[in-house]
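Following: one structure in structure tokens, then a few remarks.
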Amino acid sequence: MKSPLLSLPGAVPAEGVDEGVAAHYGDLFREQRALADGTGFVDLSHRGVVTVSGEDRLSWLHLLLTQHVSDLPAGRATEALILSAHGHIEHALYLVDDGTTVWAHVEPGTQDALLAYLESMKFFYRVEVADRTADTAVVHLPAGSIASVPEGVVVRETPYGRDLFLPRADLEAYAAEVGPPAGILAYEALRVEQHRPRLGFETDHRTIPHELGWIGSAVHLQKGCYRGQETVARVQNLGKPPRRLVFLHLDGSEVHLPAPGTEIRVADEDPDGRKVGFVTSSVRHYELGPVALALVKRNVPPDAHLVAGDTAAAQETVVEP
């Protein structure tokens with residue numbers, strides 16, 4: 001979905017998975033500061049939107065998701081995962097129930113596969129699943145924002161801000177009311193600062209929730225059976241995940257950020273030594289400078305100095321070894 005807000009002054013289109021919205025509007029650090037101060041908004045209209053309605057919606061989703069949602073109160077935001085049979089992360093959903101319908105936004109381009117899975121699991125349950133991406137745009141208001149929300153718009157309120165499920169036809173008018181806009185790069189910089197994982201960035205085909213700190217926020221440990229639960233319980237009760245998420249402070253003298261996928265080594269080992277992890281997201285933060293999230297092997301010492309490609313990196317623990 002190509003956003004109409006790409007026509008705003010200074011808009012530079014994002015690339016890759018975030019194609020369709022603005023990377024920035026001409027001043028990356030100003031946009032980050034604005035979001036940190038609780039002003040402006042972020043156009044997330046490229047994200048997929050899925051709804052589940054019907055009287056069995058919560059009890060049915062409770063059987064499929066990693067989160068406890070059978071008694072989810074109307075208006076309370078939560079997040080949840082769908083795992084493979086082996087416990088690997090397949091989908092991440094950001095949910096809220098409005099009293100009659102569960103609304104979820106998901107990573108761009110993942111809604112078709114998610115809908116196919118949900119449809120295959122309906123059986124005799126009284127639920128209706130719909131793709132609302134074409135008529136609904138996600139808009140993010142940062143924490144502390146006093147911007148008004150149009151009547152009837154569904155809102156997910158979290159510690160990081162509010163996600164609005166706005167009618168797509170109203171996007172331009174609402175943007176004019178609540179500006180200034182901030183691009184996806186500003187939003188990503190704050191996400192990385194907050195150590196929040198993102199599907200497709202911090203995950204690969206074998207990622208399990210423990211590695212990213214998603215236990216608790218997206219995975220409930222005292223709920224009934226769901227696909228992949230055996231792996232979650234086994235790692236929680238009997239062992240440790242093979243990898244862990246870390247936050248990296250990168251050498252600010254380097255011109256280029258290490259791209260996602262860049263190999264990480266321990267700094268005091270042979271330059272051609274073993275790979276101990278890889279960068280998952282890297283950004284330039286308005287206060288912290290160049291920083292990144294990365295997955296490293298669990299046994300890498302928390303105080304070890306690392307090298308991401310050719311860039312020195314000091315690590316900060318996100319998931320305990």
Side-chain angles (χ1 to χ4, degrees), residues 1-36 38-51 77 79 91-96 103-115 130-143 145 147-158 160-192 196 198-201 260 281 283-284:
M1 304 294 294
K2 184 176 180 180
S3 173
L5 303 190
L6 285 172
S7 64
L8 292 178
V12 175
E15 299 178 345
V17 70
D18 289 320
E19 182 180 3
V21 296
H24 61 83
Y25 294 89
D27 192 336
L28 174 61
F29 291 156
R30 178 192 60 77
E31 294 166 29
Q32 289 183 36
R33 290 188 186 96
L35 292 180
T39 60
F41 72 97
V42 183
D43 177 12
L44 299 179
S45 62
H46 63 316
R47 290 183 65 82
V49 176
V50 174
T51 59
E79 55 189 81
H91 293 282
L93 296 81
Y94 300 84
L95 308 164
V96 67
W103 293 76
H105 65 79
V106 298
E107 286 297 324
T110 65
Q111 63 268 23
D112 288 347
L114 173 60
L115 283 161
D131 183 354
R132 299 294 301 275
T133 309
D135 59 43
T136 306
V138 179
V139 173
H140 175 76
L141 300 177
S145 171
S148 62
V149 176
E151 186 176 353
V153 168
V154 177
V155 178
R156 285 187 74 250
E157 185 153 5
T158 76
Y160 309 107
R162 290 175 288 170
D163 296 336
L164 278 57
F165 292 89
L166 188 74
R168 192 171 289 275
D170 298 342
L171 179 57
E172 288 184 273
Y174 188 69
E177 177 185 334
V178 300
I184 192 71
L185 291 183
Y187 180 84
E188 283 290 286
L190 299 189
R191 177 185 71 82
V192 170
R196 291 189 289 138
R198 182 177 175 187
L199 183 77
F201 287 67
S281 298
V283 298
R284 296 191 186 278

Result block: side-chain N/O donor-acceptor pairs under 3.5 angstrom for residues 180-192, not counting sequence neighbours:
from: Glu188; atom 1: OE1; to: Arg191; atom 2: NE; distance (Å): 3.2
from: Glu188; atom 1: OE1; to: Arg191; atom 2: NH2; distance (Å): 2.8
from: Glu188; atom 1: OE2; to: Arg191; atom 2: NE; distance (Å): 2.9
from: Glu188; atom 1: OE2; to: Arg198; atom 2: NH1; distance (Å): 3.3
from: Arg191; atom 1: NH1; to: Arg196; atom 2: O; distance (Å): 2.6
from: Arg191; atom 1: NH1; to: Glu202; atom 2: OE1; distance (Å): 2.9
from: Arg191; atom 1: NH2; to: Ser281; atom 2: OG; distance (Å): 2.9

**Asked** Just by distance, do the side chain of Glu157 and the backbone of Ala77 share a donor-acceptor pair under 3.5 Å?
**Response**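 Side chain of Glu157 to backbone of Ala77, a donor-acceptor pair under 3.5 Å: no, none is there.
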
**All salt bridge (Lys or Arg N to Asp or Glu O under 4.0 Å) counterparts of Asp135, not counting sequence neighbours** =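 With sequence neighbours excluded, Asp135 shows a salt bridge (Lys or Arg N to Asp or Glu O under 4.0 Å) to Arg132, given in chain and number order.
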
**Asked** Considering residues at least two apart in sequence or located in another chain, which fulfil the side-chain contact (heavy atoms from CB on, under 4.5 Å) criterion with Val154?
**Response**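 Val154 satisfies side-chain contact (heavy atoms from CB on, under 4.5 Å) with Val96, Asp98, Trp103, Phe165 only.
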
**Prompt:** Which residues pass the side-chain contact (heavy atoms from CB on, under 4.5 Å) test with Leu114, sequence neighbours left out?
**Reply:**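 Result, side-chain contact (heavy atoms from CB on, under 4.5 Å) vs Leu114: Val50, Ile82, His91, Leu93, Val106, Leu118.
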
Are [X] and [Y] packed together at the side-chain level, in the sense that at least one heavy-atom pair is separated by less than 4.5 angstrom?
| X | Y | answer |
| --- | --- | --- |
| Gln111 | Val49 | no |
| Asp18 | His46 | yes |
| Gln32 | Leu28 | yes |
| Val139 | Val42 | no |

Could you go through residues 2-17 and list every donor-acceptor pair under 3.5 Å that involves a side-chain atom there, pairing it with any protein atom two or more places apart or in another chain?
from: Ser3; atom 1: OG; to: Leu5; atom 2: N; distance (Å): 3.0
from: Ser3; atom 1: OG; to: Asp43; atom 2: OD2; distance (Å): 2.5
from: Ser7; atom 1: OG; to: Pro4; atom 2: O; distance (Å): 2.7

**Request:** Check side chain to side chain donor-acceptor pair (under 3.5 Å) between His105 and all other residues, then give those that pass, not counting sequence neighbours.
**Result:**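 Partners of His105 under the side chain to side chain donor-acceptor pair (under 3.5 Å) test: Arg47, Asp163.
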
**Message:** Taking side chain to side chain donor-acceptor pair (under 3.5 Å) as the definition, give me every residue that meets it alongside His24, ordered by chain and number, with sequence neighbours left out.
**Reply:**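 Listed in chain order: nothing, the list is empty.
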
Contacts under 3.5 angstrom, residues 166-175 side chains, donor-acceptor by atom type, not counting sequence neighbours:
from: Arg168; atom 1: NE; to: Thr133; atom 2: O; distance (Å): 3.1
from: Arg168; atom 1: NE; to: Ala134; atom 2: O; distance (Å): 3.4
from: Arg168; atom 1: NH1; to: Ser45; atom 2: O; distance (Å): 3.3
from: Arg168; atom 1: NH2; to: Ser45; atom 2: O; distance (Å): 2.9
from: Arg168; atom 1: NH2; to: Thr133; atom 2: O; distance (Å): 2.8
from: Arg168; atom 1: NH2; to: Thr136; atom 2: O; distance (Å): 3.0
from: Tyr174; atom 1: OH; to: Ser148; atom 2: O; distance (Å): 2.7

